[in-house]
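Worth saying up front: this structure is predicted, and the values here are computed from it rather than measured.
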Amino acid sequence: MRPKVAGGRAGEPFAPIADYGFLSDCETTALVAPSGNIEWMCLPKMDSPSVFGSILDRDAGYFRVGPAGVEVPAAQRYIPGTMVMETTWWVHGGWLVVTDALLMGPWHHEDERSHTHRRAPTDYDADHVLLRMVRCVNGQAQVRLDCMPVFDYGQSPARWEHSGVGYHEAVARGNGVALRLTTDMNVGFEGSLATSRTLLKQGDARFVALSWSEHEPPATYEDAHERLVWTVHHWQHWLDRGRFPDHPWRSHLQRSALTLKGLTFAPSGAVAAAATTSLPETPGGERNWDYRYTWIRDSTMALWAFYTLGYDWEANDFFYFITDVAEAAEGKLQIMYGLDGREELPESTLDHLSGYDGARPVRIGNEAYVQNQHDVWGAIIGSVYMFVRKRDRLDDRLWKIVVKQVEDALDNWRQPDAGMWEVRGEPQHFTSSKLFCWVAADRGARLARIRGDHDRARRWQAAADEIHADVLAHALDDRGVFVAHYGATSLDASSLLIPLLGFLPPDDKRVRETVLAIADELSEDDLVLRYRAAETDDGFDSEEGTFTICSFWLVSALVMIGEVERAKALCEKLLSYASPLQLYAEEIDPHTGRHLGNFPQAFTHLALINAVMQVIQAEQRESEPGLV
């Protein structure tokens, strides 16, 4: 049974993960509960400490603008084509609409250079302002503003003080962050709470702006409205750059594209795996991780998705971030990095936080950054190969990275590792790790041929052939089905990548048998598990939900082996599990449809784009034989 929708104040229950809205200005993100409450926001960037954290503890800070005494809205939506949310409220006597946005503005650094941006400047930039506007569209209603920041993950309550003249501006400082509240409502303080109440009648409107940098917030309602319109147009113009098929599923592709853009940290080009930490993969359980970082593994799929939809600039920015960290890693390339490229991501628990719906511990940092995961080399070489194919050139800087990473893959592929799922049990010879090492050697050989380095091309191709033969000799069971790791009998959904990465052709009997075995034996109500927890030493005893990325991989694999109707049916089912705002967490409970894990999840939306495009292209081939 889904928990009751609530506002996020102490003692109130937690909203379902799927019911949150997602805001972004490509530097900061925020989650909006159905109650209109901002329950997660980290400043000054996505992986900074939280200022509003009531999604992880009801005493860790919140920010609400909405009707007094009503917690359940009539409707929520995004303004089409944007990251701007509208929440509509019905109260006895009237109707209200609250509009929320993290403002975007023109490029700010005309007279001085940015100290944070490492990518080429664009025409736009984050304004570092959370804008909340409320208008009464019918009747009348009491509106309440409650803003209670608690800095440093709920450890330092705010101390508000008025600034300027009157009661329209206030400032709170903590943990190196200065918050400025600007509004045309009269604000007072109750301890760490900044609050206001006002009666709005039909046609009345108010604004509240929370800002945290030197950029000026809107000072009047008219200014706020103008900047909101600029933000709406920015997102619609950005979306208009993309290529989206005229298909009933187009809206899912567009929302996924907007979500991926929202998870992109513009100063570096890195794509965060998710906006949150420690949303549980098991209700009330301990599978709670910090995903506010960027994984090298995501790079190939991210580039494919961005390039496919026509967003070459975003693909290139992520690629340049990847090459930055690879170039800096003269020693060992990590599997993940901070959004600014930092290497150290020490993991700790925040024991003062009760966790989402009691799921503990709450973790920040991610100790997986020190793990040995052999998929990292294939991911980066696959990304380089995709990038080079778009440009048909391979410069000296990229070539140096290619040589280093391919050689690292060849030096290590025979060793066991933690696998792509970052299990915390004993290292194994994971099939997926060998697959990605093969990708490193195979794509490396192709790049060497483009470069004209025929000696390396021959040597790397020979290594790719050796890895290929080793996998076929040790990773198949008696049925001819690929297993999770050498010596295992259990299945792993990562084997679905075998046809997607071209390790074997989709018409190979072993591919077909593997895809169908995963569909039939590693699924719950058609949705795919990563693995059976009882059969895999991942360091935990608890079960988990189905991994939505794996379900979308199955859609793509089914298309490739010719099971198009089955793929279409599964894709349609998966799209029906989308949140009311077409967002996805990491996992889905197949029995209840409840979303589990961090939210929104980049990897899920990347796989959605791949799967939906595969199905649409298959439909086009069926309707127009001969269409390539």
Side-chain angles (χ1 to χ4, degrees), residues 45-48 118-119 263-265 267-274 277 289-303 317-348 363-387 397-398 400-425 427-428 430 432-437 439-441 443-444 494 538-539 598 601-603 606:
K45 52 188 175 62
M46 303 178 197
D47 57 358
S48 299
R118 288 155 49 192
R119 303 280 72 89
L263 289 169
T264 299
F265 184 61
S268 69
V271 178
T277 181
W289 311 109
D290 194 345
Y291 276 13
R292 297 170 298 157
Y293 309 115
T294 190
W295 269 253
I296 299 297
R297 178 193 312 124
D298 295 1
S299 60
T300 302
M301 191 174 293
L303 263 61
D317 277 356
F318 190 21
F319 178 78
Y320 295 138
F321 169 82
I322 296 296
T323 56
D324 282 349
V325 297
E327 195 170 44
E330 295 180 359
K332 177 184 172 185
L333 185 67
Q334 295 179 185
I335 66 163
M336 58 192 290
Y337 291 87
L339 297 179
D340 56 3
R342 71 185 185 281
E343 298 178 354
E344 300 290 325
L345 305 173
E347 184 176 305
S348 61
R363 293 182 174 90
I364 56 171
N366 197 313
E367 205 64 34
Y369 83 95
V370 299
Q371 283 188 346
N372 291 319
Q373 292 183 26
H374 295 170
D375 58 357
V376 64
W377 303 298
I380 195 167
I381 298 302
S383 298
V384 173
Y385 180 66
M386 194 176 304
F387 179 84
R397 180 191 181 216
L398 279 185
K400 182 179 178 182
I401 292 171
V402 169
V403 171
K404 168 65 176 168
Q405 301 308 321
V406 174
E407 293 295 346
D408 281 355
L410 300 189
D411 287 343
N412 289 279
W413 76 266
R414 294 180 180 84
Q415 304 301 318
D417 74 329
M420 71 179 301
W421 302 129
E422 299 165 4
V423 297
R424 301 196 175 193
Q428 300 287 348
F430 286 99
S432 62
S433 297
K434 310 299 183 187
L435 170 63
F436 274 96
C437 287
V439 170
R443 305 310 194 263
S494 59
D538 65 2
N598 286 306
Q601 183 81 9
F603 222 178
L606 291 169

Considering non-hydrogen atoms only, spot the tightest contact between D324 and R397 and give its length. OD1-NH2, 2.9 Å
Check each of V376, N366, V325, V370 against M336 using the side-chain contact (heavy atoms from CB on, under 4.5 Å) test, and report the only one that passes. N366
Applying the side-chain contact (heavy atoms from CB on, under 4.5 Å) criterion to S268, which one of Y320, F318, F321 satisfies it? F321
Got L333 and D408 here, is their nearest side-chain heavy-atom distance under 4.5 Å? no
Drop me the distance from W413's CH2 to K434's NZ, to the nearest 0.5 angstrom. 6.5 Å
Looking at every non-hydrogen atom in both residues, tell me the closest pair between G382 and T300 and how far apart they are. C-OG1, 3.9 Å
May I ask you to test the L410-V406 pair for a side-chain heavy-atom distance under 4.5 Å? yes
Relative to the ring of F387, is the ring of F319 parallel (under 30°), tilted (30 to 60°) or perpendicular (over 60°)? parallel
Measure the spacing between CZ of R342 and CG of L339 and express it to the nearest 0.5 Å. 7.0 Å
Heavy-atom closest contact (A274 atom, Q601 atom, distance): CB-OE1, 3.7 Å
About how many Å separate CD of Q415 and NE2 of H374, when rounded to the nearest 0.5 Å? 7.0 Å
Minimal heavy-atom distance between R292 and S48, with the atoms involved, is NH1-O, 2.9 Å
How close do M46 and A272 get, heavy atom to heavy atom, and via which atoms? SD-CB, 4.1 Å
Using ring pair (Phe, Tyr, Trp, His ring centres under 6.0 Å) as the criterion, list what pairs up with W295, not counting sequence neighbours. Y291
Straight-line distance of I335 CD1 to N372 CG, nearest 0.5 Å: 9.5 Å
Does the side chain of W377 come within less than 4.5 Å of N412's, by heavy atoms? yes
With heavy-atom distances below 4.5 Å as the criterion, would you say the side chains of K45 and D340 are in contact? yes
Scanning both residues in full, the closest heavy-atom pair of A602 with V271 reads CB-CG1, 4.2 Å
E347 side-chain N/O to R363 backbone N/O, donor-acceptor pair under 3.5 Å: no
For E344 and Y369, which I'm curious about, is there any donor-acceptor pair between the side chains at under 3.5 Å? yes
Which pairs pass salt bridge (charged side-chain N to carboxylate O under 4.0 Å, His left out) with one or both residues in residues 369-386, sequence neighbours excluded? R297-D375
CG of D317 to CG of L303: how many Å apart, nearest 0.5 Å? 10.5 Å
Indicate yes or no: at least one non-hydrogen side-chain atom of I296 is less than 4.5 angstrom from one of Y337. yes
With rounding to the nearest 0.5 angstrom, report the OG to CG distance, S348 to D290. 9.0 Å
